[in-house]
Trainee: 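Quick one: the structure is below, and I'll ask about it shortly.
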Amino acid sequence: MCGIVGYVGGEDASDVLLDGLKRLEYRGYDSAGVAVLNGPVLDIRRSVGKLHNLDVLLKKSPLAGHVGIGHTRWATHGRPSEENAHPHRDASGRVVVVHNGIIENYSALKAGLQARGVKFESQTDTEVIAHLVGEAIARRKKKDAPLAPEDFLEAVRETLSELKGTYALGIITADCPGVIVGARRECPLLVGIGEKEYFLASDAPAILSRTRHAVFLNDGDMALLSSDGVKLFSAETGLPVERKTTHLPWDPLQAEKAGYRHFMLKEIHEQPRAIEDCLRGRLNVDEIRVHLDTLRLSEEQIKAFRKITIVACGTSYHAGLLARYLIEKWVKAPCDVEIASEYRYRDPLVGPEDLVVAISQSGETADTIAAIRHAKEKGARTLAICNVIGSTLYRESHGKILTHCGPEIGVASTKAFSSQVVVLYLLALYGALLRGSLPRPDVEKIMQNLLHLPHWVGEALKCEPATIALAKKYFHSRNFLFLGRNLNYPIALEGALKLKEISYIHAEGYPSGELKHGPIALIDEDMPVIAVATQGRVYDKILTNLEEVAARGGRVIAVATQGDTRISALTPDVLWMPDMPESMAPAVNVVPLQLLSYHIAVLRGCDVDQPRNLAKSVTVE
Ligand code: G6P
């Protein structure tokens with residue numbers, strides 16, 4: 001949550017910072033601020049609300065200088081307000097800090113500082129860092145001489161040793177002009193290496209338009225950025241450390257709206273391409289082989305796993321739920337799917353004979369990372385399915401599979417979900433081949449279907465006009481029930497999540513077989529029921545459930561297979577899907593639900609890309 005940008009270079013820092021923050025606004029958007037150094041003069045601008053307000057403020061009251069830091073906030077400690085917006089200052093006003101994460105011992109640190117006479121301006125945990133660094137600098141400063149960069153680094157290092165909790169930090173001081181110090185513990189932070197310009201950022205999209213060369217900091221790393229370049233150090237020892245430079249695979253244009261009204265709509269429409277990119281080079285139908293080069297699991301290990309456990313949060317958890325059906329059916333292996341925030345505090349029976357798979361678009365979700373660390377401690381082999389190269393999960397897991405869907409900016413996940421689903425298809429096929437649990441002709445058929453999937457998803461996108469019409473009909477409804485069964489049950493859950501995330505309408509997803517065990521009591525004409533009812537082995541069952549809904553005056557919106565007359569006899573409100581194999585249906589059926597949620601949210605005037613209270617990646621517990 002929250003976004004950090006830092007800049008050292010030849011250009012106007014506030015322009016570069018604002019541009020970077022705009023690309024990170026999806027990380028947090030309740031307030032924002034920048035601080036710029038002009039020689040030894042340090043100045044701040046902050047404002048509440050969207051970044052636009054900061055933009056207006058900077059136009060009215062510009063900041064000159066070539067070095068600075070910026071932040072877009074998702075409030076944890078202290079409500080969104082100007083005083084609580086970052087950057088935060090120390091008592092002298094000569095040190096400023098931007099911070100992602102949570103300082104757990106801030107109350108004790110604050111009490112200590114207050115006892116020494118320090119006055120606080122904000123309710124944040126971050127402000128203690130500014131004061132502590134200010135004090136540490138004061139102890140090192142020699143009269144009338146600027147502080148050496150090494151002394152600035154040491155002052156920050158001393159402060160870090162007092163902090164408990166998590167952080168990504170960017171710090172500048174008027175006492176050491178031209179230098180930014182960064183530090184990381186359990187919150188993502190990277191350094192961008194450009195042409196005589198250097199960046200600090202919490203996420204790659206912030207720097208993509210200026211450079212694609214990045215160094216990802218490890219936990220416990222510090223960075224010193226100046227016009228001479230970037231040096232990395234260990235916070236523990238203070239000694240230099242080496243980290244390799246990564247080439248970011250994303251095209252900067254992928255992080256633009258490209259004429260779409262919202263990133264979410266663009267990302268929904270990008271799904272056929274995202275699936276193609278995800279499949280590229282991974283299927284060899286002639287040899288009936290699946291290539292997952294970075295899996296780092298030997299054939300013996302795959303054959304020997306006792307159980308597969310999938311851990312994830314939010315939309316990624318729904319991808320995991322779908323994977324369970326595939327793994328049981330194709331790999332014939334036991335599979336558990338767990339919400340990461342629950343798994344991490346349980347005492348799961350997991351050990352060296354188990355595989356634990358983490359699914360996470362960002363690779364930075366705190367609970368998912370904690371779950372995977374927990375599994376590693378117990379000796380399990382771990383595998384990350386994520387979209388962000390260099391992310392924490394990517395680096396910490398034994399094996400990894402990238403989803404290759406390009407940057408996803410809309411807070412509600414769409415194309416990341418589809419590409420996760422595709423990776424899970426590939427993983428299940430890979431396991432089935434190694435374990436010999438599925439006849440080769442079946443594998444070949446599924447491979448061919450997968451190669452056809454972008455086409456079916458493209459066909460599903462054609463229902464957008466119908467989703468707009470249905471959105472107009474139903475956008476005033478205050479509750480929705482989503483039903484699905486078997487492979488389409490996770491899709492019903494995902495449809496309900498999408499709707500509640502971006503339109504703030506109450507929506508619940510249920511396996512349709514559970515209808516009679518409670519939710520049927522809710523059915524009336526004010527509770528539209530959205531049913532995922534394409535052809536498949538449970539089609540008749542779900543149809544019976546829908547008849548029960550209709551018999552009680554409920555209004556049904558169905559996602560159904562083109563030409564299904566039984567459905568059209570039941571309801572006029574149908575989103576038609578192409579005729580496709582049942583196993584591929586989830587990846588296709590999710591599309592009309594994404595579009596419907598999107599258009600309902602737009603009609604309700606909601607901020608689709610930045611829904612209230614949400615953040616793209618939840619890097620705190
Ligand atoms: C947040 C996002 C969701 C996402 C979830 C898990 O809640 O708003 O869109 O599904 O985090 O994120 P991850 O990056 O781990 O997939």
Side-chain angles (χ1 to χ4, degrees), residues 1-3 24-29 74 100 186-188 202-205 262-264 267-268 274 310-323 337-344 356-373 382-394 396-397 400-421 423-424 490-491 493-504 509 590 593-594 597-598 601 606-621:
M1 357 234 351
C2 310
L24 289 191
E25 206 180 6
Y26 65 97
R27 300 254 334 180
Y29 30 83
W74 188 94
N100 290 354
E186 293 187 27
C187 281
S202 52
D203 307 77
H262 294 103
F263 276 110
M264 183 180 175
E267 288 158 3
I268 291 172
I310 297 177
V311 291
C313 303
T315 290
S316 299
Y317 170 70
H318 296 153
L321 286 179
L322 174 62
V337 189
E338 305 257 6
I339 289 182
S341 54
E342 285 298 309
Y343 183 84
R344 64 182 291 189
V356 179
V357 180
I359 309 175
S360 171
Q361 184 281 130
S362 61
E364 299 293 355
T365 301
D367 285 321
T368 312
I369 294 168
I372 217 78
R373 285 182 183 155
T382 56
L383 171 65
I385 295 177
C386 66
N387 192 37
V388 182
I389 193 166
S391 60
T392 306
L393 210 56
Y394 181 87
E396 291 197 10
S397 303
K400 34 218 128 203
I401 311 178
L402 281 173
T403 46
H404 288 312
C405 72
E408 188 180 68
I409 310 288
V411 165
S413 187
T414 52
K415 66 173 180 173
F417 175 77
S418 312
S419 57
Q420 287 167 348
V421 167
V423 163
L424 291 160
I491 301 307
L493 291 178
E494 177 57 12
L497 179 63
K498 281 296 80 89
L499 188 65
K500 78 180 93 155
E501 278 179 319
I502 60 169
S503 72
Y504 321 140
V590 74
L593 303 186
Q594 295 166 342
S597 300
Y598 170 82
C606 299
D607 189 341
V608 175
D609 280 337
Q610 291 159 8
R612 71 180 180 207
N613 304 339
L614 298 181
K616 181 76 188 152
S617 72
V618 181
T619 52
V620 295
E621 246 194 284

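In listed order, ligands and their atoms are each counted from 1. Because the structure is predicted, anything quoted here is derived from the model rather than measured.
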Trainee: Can you see which heavy atom on Thr365 is nearest to which on Ser362, and at what distance?
Mentor: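 Shortest heavy-atom separation between Thr365 and Ser362 comes out as OG1-OG, 3.5 Å.
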Trainee: For ligand 1, which part of Cys386 has a heavy atom less than 4.0 Å away: the side chain, the backbone, both, or neither?
Mentor: neither
Trainee: Closer than 4.0 Å to some heavy atom of Ser316 - which atoms of ligand 1 meet that?
Mentor: 10 (O), 13 (P), 16 (O)
Trainee: Distance alone, cut at 3.5 Å: any donor-acceptor contact between the side chains of Lys498 and Thr315?
Mentor: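 Judged by distance alone, the side chains do pair up.
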Trainee: Counting from 1, what ligand 1 atoms have a heavy atom of Ser413 closer than 4.0 Å?
Mentor: 9 (O)
Trainee: Give me the nearest non-hydrogen protein atom to atom 8 (O) of ligand 1 as residue plus atom name, then the distance to 0.1 Å.
Mentor: Ala615 O, 3.1 Å
Trainee: N/O to N/O below 3.5 Å, does that happen between Gly314 and ligand 1?
Mentor: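 N/O-N/O distance below 3.5 Å does not exist for this pair.
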Trainee: So, is Gln420 polar-close to ligand 1, with some N/O to N/O distance under 3.5 Å?
Mentor: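 N/O-N/O distance below 3.5 Å does not exist for this pair.
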Trainee: Quick test: of every protein heavy atom, which one is nearest to atom 12 (O) of ligand 1, and how far off is it to 0.1 Å?
Mentor: Thr365 OG1, 3.4 Å
Trainee: Among all protein heavy atoms, pick out the one at the shortest distance from atom 11 (O) of ligand 1; state its residue, atom name and that distance to 0.1 Å.
Mentor: Lys616 O, 3.8 Å
Trainee: Judging by distance only, is a nitrogen or oxygen of Ser617 under 3.5 angstrom from one on ligand 1?
Mentor: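 Looking only at distances, the answer is no, because the N/O contact criterion of under 3.5 Å is not met.
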Trainee: Quick one: which of Leu614, Val411, Thr315 has a heavy atom closest to atom 9 (O) of ligand 1?
Mentor: Val411
